[in-house]
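Here is the structure we will look at, set down as structure tokens.
Sequential numbering from 1 along the given sequence is applied to the chain's residues.
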Amino acid sequence: MLDKSLPYFDIVMKADKITASKWAPLPLPDGYSFKMYEDGDEDGWAALEVLVGEFASHADALAYFQKVFLPHRHLLPERMCFVTDADEKIIATASAWFKEEDGRHYPLLHWISTSPEVQGKGIGSAVTAQALSVLRETDPGADVFLHTQTWSHRAIKMYYKYGFRITKTAIPGARTDFRYREVLHGILPDEILNGITA
């Protein structure tokens with residue numbers, strides 16, 4: 001869940017290509033399964049994003065999905081990862097995505113969310129590892145970025161374990177706001193707060 005009790009500041013993290021080359025999938029607990037996007041899964045994605053507090057309404061979440069993801073519908077079945085429960089309900093997601101601007105391609109770990117009902121079971125880590133494994137195949141030999149924020153400080157610890165470091169390097173539409181240090185001081189270890197990469 002997002003910690004909206006804190007001030008919001010953007011954070012960009014980067015994993016270098018050497019780290020990215022080592023990513024591998026993780027197993028899921030019994031009763032849960034991986035699946036890739038199929039037509040209609042945008043409703044499950046939107047419901048999950050409302051549940052974790054990213055959007056105020058299902059309509060807002062669907063509008064975002066339609067704007068950002070549906071123009072690349074043909075790529076979704078190979079890049080958007082889900083975890084489902086025994087009832088086939090989407091309970092986690094992560095995407096092996098990208099941004100392209102000014103002739104540059106930025107591989108992104110994008111929109112990582114896990115239902116509060118299943119947090120603490122390793123499902124968030126597993127869906128993240130699944131998307132990272134896809135990125136290793138779709139963008140071999142590339143640095144990988146992600147955009148996060150102070151509200152997601154719990155997830156930042158997980159990203160750090162996967163080799164992501166806070167970076168000064170901007171991606172289109174996002175740049176690290178270094179005021180995060182004051183906000184997250186005492187919440188995240190100094191090695192994460194101060195482990196800045198170029």
Checking side-chain polar atoms at under 3.5 Å, does [X] have a donor or acceptor matched by the opposite partner on [Y]?
X      : Y      : value
Tyr64  : Trp111 : yes
Ser152 : Gln149 : yes
Thr114 : Gln119 : no

Determine yes or no for a side-chain-to-main-chain donor-acceptor pair under 3.5 angstrom, with [X] supplying the side chain and [Y] the backbone.
X      : Y      : value
Asp16  : Thr19  : yes
Thr169 : Ala198 : yes
Asp143 : Lys17  : yes
Lys157 : Pro189 : no
Thr197 : Thr167 : no
Arg165 : Tyr160 : yes
Lys99  : Pro172 : yes
Asp41  : Gly44  : no

Could Arg179 and Asp177 be called an ion pair, given the rule that one side-chain N must be under 4.0 Å from one carboxylate O?
yes
Pair Glu101 + Arg104: basic N to acidic O under 4.0 Å:
no
Roughly how far, to the nearest 0.5 Å, is [atom2] of [Y] from [atom1] of [X]?
X      : Y      : atom1 : atom2 : result
Ile90  : Glu42  : CD1   : CD    : 9.0 Å
Ile91  : Ile123 : CD1   : CD1   : 4.0 Å
Phe145 : Lys14  : CZ    : NZ    : 5.0 Å
Glu54  : Leu2   : CD    : CG    : 4.5 Å
Phe178 : Phe9   : CZ    : CZ    : 13.0 Å
Ser95  : Trp45  : OG    : CH2   : 8.0 Å

Consider only side-chain heavy atoms of I, L, V, M, F, W and Y, link residues closer than 4.5 Å, and tell whether Met36 and Trp97 are in one cluster.
no
Assigning hydrophobic clusters by single linkage (Ile, Leu, Val, Met, Phe, Trp, Tyr; side-chain heavy-atom cutoff under 4.5 Å), is Ile112 placed with Val134?
no
What are the two closest non-hydrogen atoms of [X] and [Y], and how far apart are they?
X     : Y      : answer
Cys81 : Val127 : O-CG2, 4.0 Å
Pro25 : Ser133 : N-OG, 3.0 Å
Tyr8  : Thr150 : CA-OG1, 3.4 Å

Applying salt bridge (charged side-chain N to carboxylate O under 4.0 Å, His left out), run through Arg73 and Asp39 and close with a yes or a no.
CA-CA 9 Å; Arg73 181 188 288 271; Asp39 284 346; 2.8 Å; yes
Show your working on side-chain contact (heavy atoms from CB on, under 4.5 Å) between Leu26 and Ser125 and close with a plain yes or no.
CA-CA 8 Å; Leu26 292 174; Ser125 291; 4.3 Å; yes
Decide if the gap between the ring center of His72 and the ring center of Phe98 is smaller than 6.0 angstrom.
yes
Measure from NZ or CZ of Arg79 to the centre of the six-membered ring of Tyr37, then state whether that distance is under 6.0 Å and the direction lies within 45° of the axis.
no
